[in-house]
Number of protein chains: 4
Amino acid sequence: MDKTDKCEKAEKCCDKRELIIQAALELVAEQGFHGAPMAMIAEKAGVGAGTIYRYFENKDDLIRWIYKNVEERFVEVMMQGYPENGAVRERLLHIGTELVRHLIREPLQLRFVEQFHNSPYGVDHRREKLFSEGRKDVISDLFQEALQQQIFKPLELAILFSLFFGPLVDICRDHILGFIKLDDALIEQVVGACWDALRR
Amino acid sequence: MDKTDKCEKAEKCCDKRELIIQAALELVAEQGFHGAPMAMIAEKAGVGAGTIYRYFENKDDLIRWIYKNVEERFVEVMMQGYPENGAVRERLLHIGTELVRHLIREPLQLRFVEQFHNSPYGVDHRREKLFSEGRKDVISDLFQEALQQQIFKPLELAILFSLFFGPLVDICRDHILGFIKLDDALIEQVVGACWDALRR
Amino acid sequence: MDKTDKCEKAEKCCDKRELIIQAALELVAEQGFHGAPMAMIAEKAGVGAGTIYRYFENKDDLIRWIYKNVEERFVEVMMQGYPENGAVRERLLHIGTELVRHLIREPLQLRFVEQFHNSPYGVDHRREKLFSEGRKDVISDLFQEALQQQIFKPLELAILFSLFFGPLVDICRDHILGFIKLDDALIEQVVGACWDALRR
Amino acid sequence: MDKTDKCEKAEKCCDKRELIIQAALELVAEQGFHGAPMAMIAEKAGVGAGTIYRYFENKDDLIRWIYKNVEERFVEVMMQGYPENGAVRERLLHIGTELVRHLIREPLQLRFVEQFHNSPYGVDHRREKLFSEGRKDVISDLFQEALQQQIFKPLELAILFSLFFGPLVDICRDHILGFIKLDDALIEQVVGACWDALRR
DNA sequence: AATGAATGAGGCTTCATTCAT
DNA sequence: GATGAATGAAGCCTCATTCAT
């Protein structure tokens, strides 16, 4: 009864879809796109090669779908426990801290996103997209607010984003690769440093 | 007069090699590795497919050679006019400013390096290498010096590097993609912001 | 009834593999390795180029597999109807006669083996291997026995093999090429002559 | 004055030609045709790649020329000291002995000939050619004579050749490959055994 | 005559995708 | 729906041969 309480008719269908996604995510994250042919994804997922095409139109579709989902997950995470009524600083530190925590908790997602950006798939998607949509709603608003209150240096949003998120992503990668070892205290320090870059 | 006094009749010989390098650099930068098959590189360079193999052992060799040279160029540029006797701040701002200027002057080089890092080629080369070797000699020394003088926050070198260089590379990409428009004044402001992230 | 009871619907599956093997065997036998590119093997077999790689890891694998099988067939043939309890002479004549009969019945197999031996593939496999393994079990034992009984000249096994099998292979080639026309009587004579070379 | 006393105007011309031939012979013998591209032959010969084409129309021409020469050398060797007035047996043993001695003295020549036979070049040339022309003149006559005197078994020439020369070539190969160690006494024994195969 | 840089056809292999079962 | 055998275009690389110097 373990399976059925997830969804009535989902047993096979959803299962397979998820298996495929997970297999693709892992392979791309660990080996890059060049190490993730469809046949290998199918094998790792434990499904037939043709089966993937029941769930995704083609490889592009699969990859973009995963990317979109991972991206959305990033936003979700940053919004979890978001102190809507806190000060600008508190809110921004929350976002930065939660992002870093998530990225080092889910290294495959970070690796996947990085693979995606520099690949045929990411040609048009470019970084700014990473922090777009759902996020811009809240996050952009936050940055705008900080600008209006003259808390931030008077720079374009894109630049402020780079100043804040750029180093955070970098240190996550360094952590994943074992060059540094992040803990809560250190994360707080780094996020604080990024804040220093922004503030007037 | 630099090129001509190397060889009178070298036009052909040196040209071919340079043509190949330039073609590969452009294709990889613009289309990624997937969009740069050897045949296309050869065509763009205006040489026969086999000719490339007179100058480079194989595709890996070609790509790594370009990477190495581009990397070296980065270091050269940052060291040009380096104020050896200036204050820590002055020296670091010089490095940041010159790097940004170079990257937006040579957008293909930046794009190439980014393609390289996230690809089978860059697996071992990892980002921190980007700022290694010749650079670590001088740049790491500079950071160490700033740490000892308690000018910088007490963080590991890798983190300090990310705080300083991460956003700079990001804004160059944004500039190249047309999201922002950097000029000397703006560059100075952003480099200054990165400095703020570092200092205690 | 040997083939059909293996698989009803195997026609396709087994067929493809067999078609590839047969095509490769023929091409290599008739044109040498230089005249047997994978594309041509595929075409002759009536399959796609990539299909070969479902059955064999690469060209080496295909070629070696055919070689191994042909070799095994040689041994099988020589052991068919082997008069275990016959005199040394009777047993040796059986082996020689059956080998010759088989080789001229399957000219492609002989030509293939010869192509194999003088090629990158056969570097390590050397001729003496041709008559090794399953054969050495029985055939080497036979030669040893003949030596002990002082029926043969006191020479090393390798030399005795050459004296006996060398001419047999040669005349098969001559037969295949049409220089001579072997029949049962003639085969018997030649095998007898080879016996004369061995005996004391 | 070392060079000039070979031939007046040959210094460069003949030298180069010989160097090319020697290089090709060695490479083919040691690595097979697949290990002897024209560029490598040129390098080993110490000449330019294009130079080969001044002396030989193309690769085929070069290879066939070498083959023909090596073949001629075989005949020469067998005819050296040939006891024209000796008994049939004496003459044949001379031929066999000298052939073996030569082949193990010049292993490259044997290896080359074997490479040649099983290769695009040797498709039409087949073994019987090996012992043709100049040789058939004398050697065939010898075999014919033995037939007429009813010394030999009443078999076709081609078969008699195989019985006699087949094992001899085989043991030379085995010697070169280190499987056996031939000396004068052993050579004599083996040639004697081959004689036994022929005689009535 | 000699060179060797340049060529491009052709070889081996991979992999996204289809389709008969 | 699910499968996985089959496909063939496309990628990387080699090498016999040519031709400007």
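In this text, all values refer to a predicted model and were calculated from it rather than measured experimentally. We name chains A, B, ... by the order of the sequence lines, and we start the count at 1 in each one.
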Practice problem: Not counting sequence neighbours, which residues clear ring-ring contact (aromatic ring centres under 6.0 Å, His included) with B/Phe33? List them please. | Solution: B/Tyr121
Quiz item: Can you check the A/Phe56 CZ to E/dT18 C1' distance for me, whole Å?
Solution: 19 Å
Practice problem: Specify the separation, in whole Å, of atom CD of C/Glu43 and atom C1' of E/dG11. | Solution: 15 Å
Quiz prompt | Base-contact (B) and sugar-phosphate-only (S) positions in nucleotides 9-15 of chain F, heavy-atom cut-off under 4.0 Å, - elsewhere | solution = --SSBBS
Exercise. Starting at atom CD1 of D/Ile52, determine the distance to atom P of E/dT3, rounded to an integer number of angstrom.
Key: 10 Å
Quiz item: Looking at residues at least two apart in the chain, or sitting in another chain, which of them share a side chain to side chain donor-acceptor pair (under 3.5 Å) with A/Gln22?
Solution: A/Glu26
Self-check item: Per C/Lys16 side chain, nearest of listed nucleotides E/dT3, F/dA2, F/dA6
Solution: F/dA6
Self-check item: Test side chain to side chain contact (heavy atoms under 4.5 Å, CB included) applied to D/Ala45 - qualifying residues, sequence neighbours left out
Solution: D/Leu19, D/Ile20, D/Ala23, D/Val47
Quiz item: Separation of A/Leu62 atom CG from E/dC15 atom P, in whole Å?
Solution: 16 Å
Self-check item: Rounded interatomic separation in angstrom, taking CD1 from C/Ile41 and P from E/dG11
Solution: 11 Å
Quiz item: Got a sec, which residues hit side chain to side chain contact (heavy atoms under 4.5 Å, CB included) with A/Ala49, two or more places apart in sequence or on another chain?
Solution: A/Ala42
Quiz item: In dot-bracket, 5' to 3', how would DNA chain F read with Watson-Crick or G-U wobble pairs under 3.5 Å, [ ] for crossing ones and | for pairs to another strand?
Solution: .||||||||||||||||||||
Exercise. Using whole Å, report how far CD1 of D/Ile20 lies from C1' of E/dG4.
Key: 14 Å
Quiz item: What is the distance from CG of A/Asp61 to C1' of E/dA16, rounded to the nearest Å?
Solution: 14 Å
Quiz item: Taking A/Arg111 for the side chain and A/Val28 for the main chain, is one N or O donor matched with an acceptor at less than 3.5 Å?
Solution: no
Quiz prompt | Value in whole Å for how far the P atom of F/dG4 lies from CZ of A/Arg54 | solution = 14 Å
Exercise. Classify the angle between the aromatic ring planes of C/Phe116 and C/Tyr67 as parallel (below 30°), tilted (30 to 60°) or perpendicular (above 60°).
Key: parallel
Quiz item: Among all residues two or more places apart in sequence or in another chain, which pass the side chain to side chain contact (heavy atoms under 4.5 Å, CB included) test with A/Glu30?
Solution: A/Lys44, A/Leu108
Quiz item: Does OP1 or OP2 of F/dG1 have a side-chain N or O of A/Tyr55 closer than 4.0 Å?
Solution: no
Practice problem: Just jot down the side chain to side chain contact (heavy atoms under 4.5 Å, CB included) partners of A/Arg54, sequence neighbours excluded, or say none. | Solution: none
Quiz prompt | Any residue meeting side chain to side chain donor-acceptor pair (under 3.5 Å) with D/Asp60, in chain and number order, not counting sequence neighbours | solution = D/Arg64
